[in-house]
Amino acid sequence: MATQSLMHRLPPVSVMIAGLVLFIMLILVLFAPLIAPMDPRDVSSYSLIDMEIPPAFMEGGDPRFLLGTDNQGRDLVSVILFGLRISVVIGLGAVLFAATLGVVLGLIAGFFGGMVDGIVMRIADVLVSFPTILVALLISGIARAQLSADTMLTWAPLVLIFSIAINEWVQYARTVRASTMVEVARDYVRAAKVIGLPSGRIMGRHILPNVMSSVMVIATINLAGAILTEATLSFLGAGMPPTYPSLGTLIRIGNQFLFSGLWWIAVMPAAVLVILVLAVNVIGDYLRDRFNPKLMAR
Amino acid sequence: MIRLLSVRLLQAVLVMLAVAAIAFVMFRFVGDPVASMVREGATQAEKDALRVALGLDRPVLVQFGNFVGQVLTGDLGTSFRYQQPVTSLLLSRLPATLELVVVATVLALAVGIPLGVLCALKPNSFLSRLTQATTLVGISMPTFVTGLLLILIFAVNLRWLPSSGRGDLVDLGLWQTGFLSLSGLKSLILPSITLALFQLTLIMRLVRSEMIDVLSSDYIRFAFARGLPRAYIYRRLALRNALMPVVTVTGLQIGQLIAFAIVTETVFQWPGMGLLFTNAVGYPDVPVLAAYLLFVGFLFVMINMIADILYTFIDPRLRTR
């Protein structure tokens, strides 16, 4: 036990590396338009002459294109930077949406108990037994049947965020509900009730700060899952369209060229995706062990 | 025991009704069923006649009742895309998915349990360390990326194994199997490894942590004190108890398995129900989507119930409650 507490003073090397990787990726994402050698959306910035050039470190590579070019002559570094940006934004959006929904419903269920609690938690039970990807695919299919192709283009990121979050809020709700039920029985909450504070204020100002730490841990772990789900959906063709590609869409496009020997078009974005998710997972695991050992690995 | 079973049964029926209600809403309100079934250039009178014939003019609750009746008799409507009954479409794709899922699960259990036990018994050996390190990478590696890499290595570069389809099938009447031909078996290798990998990670981690828990418990220490042989303690006393949660979790993971089967089938163009489903999402083929939802819901309910009942058989303490 003594060695354990010593080890915990400083995060392990793997966590620090993961943190550094994540930090660099976030900088790249924030400043993508400044860093990227070209703008993949600007047709005039690339030409077909440069198409299908292998990565610079390979034979036949071109130093201008570090990771090679795709079938349209676009620089893969630039394409991936913009794709990474979309993946991260949708991942963060889904986590934010799911966390907000889960925290609010969890607080309400835990605070009021009874019927409200029963209804919210039964809905959660049914939802959580369906895998996120399946629900998200269903929602995507319904959205396609209801909306025109053009509307679908503009709404794709929001549909994605919604369809990922609709299943993921359950984890937050369950944890927040359990902690809220503990807090409600404490003296400070009883005192707040006695002096007649409105329920909303008690939940927001007094209970919420006490349950936030576990929410942050779940959110970090969930971020990796959300990014993966988005990538999977886009890979299956039910996510971001090729005009605004996320990493998943890029891998989907690259998949078509696998058999022509142009492996880098698919493998490069896939490598970036795996590194991103691995970094988030390492940090999430560390936070879970550090702050809340009770949250079981799922 | 009987009371426990009947309560579980009632819960199962309620959940199925809820799923059926969602599927019904999809059938009825997503897109216009009449517009998708009527011939082109039909008059308003013809459309109205079809509406009445389909029972779409009746109260919604009556329609829902009829819908449940139809589903119970195995009528899941007609696919927009293939113009075939959805039930027969699903049934024709079922063998492909089942063969893939069964092979992958057996593979995952056969490799995952021994590795988990090894990591628990000899945490410092080279193989355990390697396994532990690989699992974190395994979890972070999305199924479709694993599939793509396997295709790249074994199908594109080495040309050892096929990358798509099921190979030659042998027709056994109702069941078309890929088990009985060489190309069928070769086609099965890459997809089943892809699908097994994510389960394997989970099973391994679970067996490892359960084994460590069980081994530190009093009855195992007592068994050591009695001088019972190590192999007997590990196998008969420890592993047996460590495996109980594996039954439940494997049961609960069926949802994930279905989700990953969808992805795997799409990557390898494996003609199962998952591929049917992803194609239906893109089309969009609403009756197939709704029928798939019903099918998956039914499967979940059944498997959860079976896992619960199995549990009462494995663990005698639950029987008396």
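Letters A, B, ... are given to chains in the order of the sequence lines, protein chains preceding strands, and every chain is numbered from 1.
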_Given heavy-atom pairs under 4.5 angstrom as the criterion, report whether the side chain, backbone, both or neither of B:Ile151 touches chain A._
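For B:Ile151, the contact with chain A is made by the side chain alone.
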*asked:* Is B:Val263 close to chain A through its backbone or its side chain, or both, or neither, when contacts mean heavy atoms under 4.5 Å?
replied: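 It is both, since atoms from each part get that close.
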_I need the A:Arg144 CZ to B:Leu289 CG distance, nearest 0.5 Å._
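The CZ atom of A:Arg144 sits 10.5 Å away from the CG atom of B:Leu289.
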_Interatomic spacing from CD1 in A:Ile133 to CD in B:Gln256 - rounded to 0.5 Å_ =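 Between A:Ile133 CD1 and B:Gln256 CD, I get 7.5 Å after rounding to 0.5 Å.
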Which atoms of [X] are under 4.5 Å from chain B, going by heavy atoms: the side chain, the backbone, both sets, or neither?
X	value
A:Leu258	both
A:Ala224	neither
A:Val280	neither
A:Leu273	side chain

*Are side-chain heavy atoms of B:Val267 and A:Phe235 found at a separation under 4.5 Å?*
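Contact flag for B:Val267/A:Phe235 side chains = yes.
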*Tell me, do B:Phe144 and A:Leu236 make a side-chain contact under 4.5 Å, heavy atoms counted?*
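No - every pair of side-chain heavy atoms lies 4.5 Å or more apart.
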Greatest number of heavy atom pairs closer than 4.5 Å to chain A - which of [options]:
options	value
B:Leu149, B:Leu148, B:Thr266	B:Leu148
B:Val145, B:Ile262, B:Leu206, B:Val156	B:Val156
B:Leu152, B:Asp285, B:Thr143, B:Leu257	B:Leu152

_Give me the atom names and distance for the closest heavy-atom approach of B:Val281 to A:Ser140._
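Reported closest heavy-atom pair: CG1-OG, 3.9 Å.
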_OH/A:Tyr244: more than 12 non-hydrogen atoms of other groups inside 6.0 Å_ =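 Check fails, neighbour count at 12 or below.
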*Has B:Met302 got more than 12 heavy atoms of other residues, nucleotides or ligands less than 6.0 Å from its CE?*
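Not buried by this count: 12 neighbours or fewer within 6.0 Å.
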Of all of [options], which one pairs up most often with chain B through heavy atoms under 4.5 Å apart?
options	answer
A:Ile227, A:Ile142, A:Thr229, A:Asp285	A:Ile142
A:Ile275, A:Thr132, A:Val274	A:Val274
A:Ala266, A:Ala231, A:Gly248, A:Ala271	A:Ala231

*asked:* Set out, in order, the CA-CA distance, both residues' side-chain angles and the distance that settles side chain to side chain contact (heavy atoms under 4.5 Å, CB included) for B:Tyr292 and A:Leu138, then state yes or no.
replied: CA-CA 10 Å; B:Tyr292 191 80; A:Leu138 271 176; over 6 Å; no
